[in-house]
Amino acid sequence: MLLQMKGVEKRFGGVTALRQGDLEIRAGEVHLVMGENGAGKSTMMKIIAGMQKRDGGAMIWQGQTVDFENPKQAAQMGIAMVHQESLLAPHLSVAENIFLGREIPGPLGTVNRRKMLAEAARLIAQYGFRLQADWMVGRLSPAGKQLVEICRAIQNGTSLLIFDEPTSSLSEAETHEVFRIVRELRERGTGVIYITHRMEELRSVGDRVTILRDGATVHTEALATLTRDRMIQYMVGRAVNSIYSREPLPPGEPLLTVTGVSTPSLLRHVSLTLRAGEIVGLGGLMGAGRTELCRAIFGLDPVSSGSVEVAGRPLALRNPREAVAAGVALIPEDRQRTGLARDLPIGWNVTLANLDAVSPGGVIRHPEEERVTREAIDRLRIRCENGRQRAGRLSGGNQQKVVISKWVNRGARVFLFDEPTRGIDVGAKVEVFAVMDELARQGAAILMVSSELPELLQVADRILVMSQGHLVGELPRGCSQEDIMRLATAPPESGDLLQ
Amino acid sequence: MIKRLLPFLALLTLFVTLSIASPSFLTSQNLSSVVRQTAVFNTLALGMTLIIISGGIDLSVGSIVALGGLGGTMAMAKGVPIPLGVLLGIATGLLCGLLNGILITQLRIIPFIVTLGMMGVLRGFALIISDGMPVHDVPKGFQFLGEGTVFGFPFVLVVLIACAALVHFILEHTRLGRYVFAIGSNAEAAVYAGIPVNFHTVAIYALCGGLAGLAGLIEASRLSTGQPTAGQGYELQAIAAVVIGGGSLRGGEGTVIGTLVGGFIMGLLANGSDLLGINPYVQQALIGAMIIVFVAVDEFRKRRVPS
Ligand SMILES: Nc1ncnc2c1ncn2[C@@H]1O[C@H](COP(=O)(O)OP(=O)(O)OP(=O)(O)O)[C@@H](O)[C@H]1O
Ligand SMILES: [Mg+2]
């Protein structure tokens with residue numbers, strides 16, 4: 001037995017994050033930890049990795065009771081963690097981040113940069129990541145950062161490696177890469193704890209599952225015998241319909257018309273039309289330009305040519321303010337960084353993009369704001385004490401929900417959802433889909449970027465596919481995952497280039 | 001809750017201790033002199049609260065004190081009526097703040113650098129327009145602003161409370177205030193939310209400048225001269241008041257009440273050491289040390305009780 005957690009407790013002020021955390025990890029197993037947003041998964045992992053101290057219960061590491069004062073002590077024992085929220089230094093390079101805190105020394109107390117760069121490059125090459133050792137971390141996408149975190153965690157002799165939702169921002173290919181690493185570690189006898197909300201990815205990688213609900217361990221079982229439905233039942237505590245299916249509406253008039261949009265960096269002559277009442281999926285590999293397209297429409301990135309119209313009116317594409325005024329909403333991919341004001345109350349975050357609605361004449365009506373906040377909390381089942389709690393104190397998935405509420409609350413006409421279900425639990429995913437459906441029924445047009453193919457197939461009325469900055473095709477409802485992958489991996493047609 | 005309580009308790013403790021330690025402390029004469037002495041940088045601190053919550057800083061307010069005071073007194077010396085002179089002084093400050101805001105948002109240079117530069121520019125400007133000489137020719141009635149009394153209270157207290165109420169209202173109850181918090185907490189999220197970040201940034205620097213202009217008039221009124229060298233180092237006192245009152249230089253945190261409490265703590269420390277005959281050199285060191293102690297305790301508390 002590598003690790004035993006017995007009745008572990010953790011409180012934050014008045015909030016009990018963990019009441020009865022039990023967990024047993026054997027050497028050489030991949031152990032999945034599952035549960036709803038706010039169930040206490042990350043909290044338990046942070047305790048194991050020495051980032052937080054437990055308030056009660058026992059933690060036994062290789063037969064000995066341990067108390068870690070800080071992550072360094074845990075690391076010395078061979079415990080490393082890949083975090084849910086990126087904990088990297090944005091102004092340092094990939095190599096410097098990988099070796100942060102254990103720099104390779106040079107002469108006279110200096111740091112041996114050259115060796116660190118070489119060593120980092122070797123690691124990156126070994127795992128086949130699309131990274132460069134000298135890139136600045138602040139410039140990386142969420143997925144890129146995740147890869148750096150992984151490099152950082154696996155490079156020292158670890159006997160227990162914790163992945164807290166490592167693949168939530170990764171593409172198919174990179175996810176497989178992570179799985180390969182996980183399998184490799186397992187073969188070497190390393191214990192792996194793996195947290196995820198993506199049900200379909202578990203089977204290929206896990207051995208056993210532990211399920212947490214409301215801060216307590218409710219079940220542990222071998223993955224082979226645990227059905228999907230029972231797993232969800234343990235997580236939610238009741239039967240849940242996790243399969244969402246949507247009845248498409250007859251599409252109305254065009255709300256968003258993108259014509260030949262190119263950007264200096266990536267996009268090449270992208271054209272598409274979204275109609276009222278439609279949910280259009282946008283698939284493709286990471287780096288295909290899906291996020292870039294959303295950013296360009298929203299006025300965040302400069303556009304070199306092309307035009308965008310919202311309900312027949314040209315959009316200036318200069319800054320987000322004009323996009324918002326025209327009725328466009330972007331639910332960004334990197335929600336922690338670009339969406340959440342961590343120090344501010346949940347309620348303030350929820351109303352931020354639509355403050356005018358609760359502040360006629362510039363003066364905020366607090367009761368009205370509280371009402372809107374309560375509605376948002378109920379609607380997406382945000383797990384919190386009340387709307388005055390700081391948003392940064394919520395669990396990762398609940399933070400995501402706050403950002404989604406912010407935009408849903410605004411009632412725009414065109415919604416760009418960039419990976420809307422990333423990091424969100426099964427129950428809430430269905431809620432998010434229901435919200436999208438409701439928006440569409442109210443006459444909005446929705447573009448939904450998702451790397452999770454089953455989700456696209458379930459929700460979208462039709463699916464557009466991008467590859468290398470080009471829009472390479474459109475698939476009808478009822479197509480297969482293979483159809484999407486074929487388009488996404490094919491090189492863009494040359495004719496397209498000449499448009 | 002504890003957050004609000006801590007500076008309050010400190011102020012209360014200080015007050016009680018001084019009342020016991022010195023018989024001349026709890027006299028209306030001494031207390032009004034504390035109010036009058038602290039009025040200038042308390043007014044500055046109100047504007048600074050807005051700026052600091054937005055994640056910025058304004059180092060030029062000390063120089064604006066001089067320029068605002070000069071603007072008002074020079075006009076009055078030329079025969080402009082007192083109320084108009086006061087308005088001119090405030091407008092001078094407002095313009096300086098507006099310039100700060102425009103430079104920060106248009107040149108995209110961080111506020112520290114812009115206002116550091118402006119601190120020099122505006123001070124130089126004050127010296128140039130006055131030729132380095134104080135303006136003595138001030139109407140008698142102008143002294144009422146800094147030295148006058150209404151219903152037994154110093155008139156500056158009334159002015160300060162009015163300004164504090166205004167800034168408090170802006171912060172807690174208006175869209176502008178909410179945006180100030182949002183910009184200070186996560187500027188990128190504010191941009192994504194479609195908030196006119198530049199507009200609001202300029203607005204608060206202008207407001208801060210206007211308050212600094214008013215502070216300059218109070219100073220000029222108390223000295224009954226317009227001094228081109230007035231207000232030197234006041235920016236740091238104002239920042240200290242905000243920080244002691246729970247404002248965070250990282251942005252997104254701070255309250256008007258806290259700032260005022262912070263300002264009065266500094267005022268009482270100075271006054272108390274005077275009364276107790278503590279040598280002014282020691283006084284300086286003492287106040288400096290207190291700033292560190294306060295912020296350290298506050299940080300410690302934040303780490304222990306996350307709520
Ligand atoms: N620093 C903190 N201060 C206050 N409450 C906290 C803090 N960290 C976590 N919590 C609370 O503890 C509970 C469990 O959080 P945790 O992050 O462990 O959830 P999780 O299972 O990882 O959820 P997710 O799937 O959303 O990542 C949540 O209710 C959260 O609000
Ligand atoms: Mg988590």
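Chain A is the first sequence line, chain B the second, and so forth, proteins listed ahead of strands; every chain is numbered from 1.
Note: L355(A) leads D343(A), L355(A), V363(A), V324(A) in heavy-atom pairs under 4.5 Å with chain B.
With a threshold of 4.5 angstrom between heavy atoms, D356(A) approaches chain B through its backbone and through its side chain. Proximity to chain B is limited to the side chain of R295(A), based on heavy atoms less than 4.5 angstrom apart. When heavy atoms are compared at a cutoff of 4.5 Å, E369(A) approaches chain B solely by way of its side chain, counted from C-beta outward.
Here the CZ-CG distance, from R175(B) to L352(A), works out to 12.0 Å after rounding to the nearest 0.5 Å.
Side chains of R178(B) and T351(A) form a contact here, defined as non-hydrogen atoms less than 4.5 Å apart.
Within residues 181-206 of chain B, the residues having any heavy atom closer than 4.5 Å to a heavy atom of chain A are F181(B), A182(B), S185(B), N186(B), E188(B), A189(B), V191(B), Y192(B), A193(B), G194(B), I195(B), P196(B), listed by residue number.
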